[in-house]
Amino acid sequence: YCKEYGCDPVGLISLTETGMYFGSNIAQLLGLRFPSKEILVGVRDKYQMRKLFSEHGLPTVSFSEVFSVEEAYKVAEEIGYPVVIKPRLAGGSLYIRRIDNPITLHDCFDEYLECGINVVSGDPMVGQTARSVIIEKLIEGVTLFDTNLDLPVGEVSVEGFVIEGRVCVLGHHDKPLPSNGPYYEEVLWSTPTRLPFNLISELNDLAERTVKAVKLDNSFFHIEARTT
């Protein structure tokens, strides 16, 4: 395409999370801009991402990696119910569930461990991560924007890109439907955000700190947060 139209490519864009590892390999071969495989570990692996958040003083939740349901029981008790179980690599809120008690945790643990891995079975990163899931504290959220709906949860996102270390915010979305589990279907986002200006400014600052913490560069980003 570039030869036909006389243009020089400067970078790649992956339209899927599972395609990013392949994109990184291609970009390296062609000398194009794209996040390195080392950076992808921090932005794709939710456990490694949480660790980076903690190391850089970003607001995050209590979390732990677990390999068995017995470990999960212990961690959930230490963190305090309700907790969330989630896979390390899957996206789109797949195999993420609110857990309110040990019985529910027992009933879904094996399924969520196996399916969370199988749903990204074609991703080369699967072979680089342990067979584990994350147990983390649930943020139930507080709605901080004007609405006519009964929304107990406030959830927002920041859309943008970073190029050569410069973070640029393109816009924000509200999640205007309640999303407090037990499942987290991706149903509806709305824009522009109804957050007050001072919170938008805080959100933008948080987005920039997050991008720098995971060392993301030459890429688009989508960051989700809950208001508390």
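Just so we're clear, the structure is a prediction, and the values are computed from it rather than from any experiment.
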- Name all residues meeting the side chain to side chain donor-acceptor pair (under 3.5 Å) criterion together with Ser24; count only those two or more places apart in sequence or in a different chain, and write none if there are none. none
- Query: What residues join Tyr47 in its hydrophobic cluster, counting side-chain heavy atom gaps under 4.5 Å, either direct or through other members?
  - Reply: Phe63, Ile134
- Message: Can you tell me how far apart CG (Leu199) and CZ (Arg194) are? Round to the nearest 0.5 Å.
- Response: 14.0 Å
- Item | Other cluster members, Ile96 - Ile/Leu/Val/Met/Phe/Trp/Tyr, side-chain contacts below 4.5 Å | Val84, Leu138, Tyr184
- Do you know the tightest heavy-atom contact between Phe67 and Leu113? O-CD2, 4.5 Å
- Query: Within a radius of less than 6.0 Å around CD of Gln28, do more than 12 heavy atoms belonging to other residues, nucleotides or ligands occur?
  - Reply: no
- Message: Check this for me: Lys215, atom NZ, are more than 12 non-hydrogen atoms of other residues, nucleotides or ligands nearer than 6.0 Å?
- Response: no
- Task: Show your working on side-chain contact (heavy atoms from CB on, under 4.5 Å) between Glu17 and Val43 and close with a plain yes or no.
- Result: CA-CA 10 Å; Glu17 290 186 42; Val43 298; over 6 Å; no
- Item | Backbone N/O of Pro182 and side chain of Arg97: donor-acceptor pair under 3.5 Å | no
- Message: Filter on salt bridge (Lys or Arg N to Asp or Glu O under 4.0 Å), then keep only pairs touching residues 22-33, sequence neighbours left out; what's left?
- Response: Arg33-Glu164
- Query: Would a hydrophobic clustering, with Ile, Leu, Val, Met, Phe, Trp and Tyr connected at side-chain separations under 4.5 Å, put Val133 with Tyr183?
  - Reply: yes
- Message: Connecting only ILVMFWY residues whose side-chain heavy atoms lie within less than 4.5 Å of each other, what is the rest of Phe220's hydrophobic cluster?
- Response: Ile13, Leu15, Phe161, Ile163, Leu170
- Item | Transitive ILVMFWY side-chain link Met20 to Ile223, under 4.5 Å | yes
- Message: Tell me the closest heavy-atom pair linking Pro59 and Arg209, and the distance in Å.
- Response: CD-NH2, 4.5 Å
- Note on the structure: d(Glu224 CD, Glu159 CD) to nearest 0.5 Å is 8.0 Å
- When you measure from the side chain of Asp174 to the backbone N and O of Thr193, does any donor-acceptor pair fall under 3.5 Å? no
- Item | Spacing of Leu94 atom CG and Asn118 atom CG [to the nearest 0.5 Å] | 12.5 Å
- Task: Report yes or no: do Phe22 and Val41 belong to one cluster of Ile/Leu/Val/Met/Phe/Trp/Tyr joined by side chain heavy-atom distances under 4.5 Å?
- Result: no
- Task: Sequence neighbours left out, what pairs pass side chain to side chain donor-acceptor pair (under 3.5 Å) with at least one residue falling in residues 74-87?
- Result: Lys86-Glu136
- Message: I'd like to check Glu202 versus Asp205 (side-chain heavy atoms, cut-off strictly below 4.5 Å). Are they in contact?
- Response: no
- If you link ILVMFWY side chains whenever their heavy atoms are less than 4.5 Å apart, which other residues fall into the same cluster as Leu29? By chain and number, please. none
- When you check the gap from the basic side-chain N to the acidic O, do Arg98 and Glu140 get nearer than 4.0 Å? yes
- After noting the C-alpha distance and the side-chain angles of Val167 and Phe221, does the key distance pass the side-chain contact (heavy atoms from CB on, under 4.5 Å) rule? CA-CA 10 Å; Val167 178; Phe221 63 80; 3.8 Å; yes
- Message: As a quick check of understanding, evaluate side-chain contact (heavy atoms from CB on, under 4.5 Å) for Lys37 and Met125, giving each step before the final call.
- Response: CA-CA 9 Å; Lys37 293 190 289 292; Met125 288 189 66; over 6 Å; no
- Query: Once you round to the nearest 0.5 Å, how far does OG of Ser68 lie from CZ of Phe109?
  - Reply: 6.0 Å
- Residues Ile99 and Cys108: closest non-hydrogen pair is CD1-SG, 3.5 Å
- Please report the C-alpha distance between Ile135 and Leu105 in whole Å, then the side-chain angles of each, then the deciding distance to 0.1 Å, and finally whether the side-chain contact (heavy atoms from CB on, under 4.5 Å) criterion is met. CA-CA 10 Å; Ile135 300 293; Leu105 182 55; 4.2 Å; yes
- Task: Establish whether Leu216 and Leu58 are linked, either directly or via other cluster members, by ILVMFWY side-chain heavy-atom contacts under 4.5 Å.
- Result: yes
- Item | Least distance between heavy atoms, Ser157 atom then His222 atom | CB-CE1, 3.6 Å
- Identify the two heavy atoms, one from Ser132 and one from Glu65, that lie closest to each other, and give their separation to 0.1 Å. OG-OE2, 2.7 Å
- With Lys212, which residues qualify under salt bridge (charged side-chain N to carboxylate O under 4.0 Å, His left out), at least two apart? Glu208
- Item | Co-membership, hydrophobic cluster, residues Ile117 and Val69, 4.5 Å side-chain | yes
- Message: Which residues pass the ring pair (Phe, Tyr, Trp, His ring centres under 6.0 Å) test with Phe197, not counting sequence neighbours?
- Response: none
- Pairs touching residues 101-117 that satisfy side chain to side chain donor-acceptor pair (under 3.5 Å), sequence neighbours left out: Asn101-Thr104, Glu114-Arg131
- Task: Identify which one of Val156, Thr191, Ile200, Leu195 satisfies the side chain to side chain contact (heavy atoms under 4.5 Å, CB included) criterion when paired with His172.
- Result: Ile200
- If every non-hydrogen atom of Leu40 is compared with every non-hydrogen atom of Pro35, which pair is closest and at what distance? CD2-CB, 4.0 Å
- Item | With Asp45 via salt bridge (charged side-chain N to carboxylate O under 4.0 Å, His left out) - residues at least two apart | Arg88
- Task: Go through the structure and list residues passing side chain to side chain donor-acceptor pair (under 3.5 Å) with Ser201, not counting sequence neighbours.
- Result: none
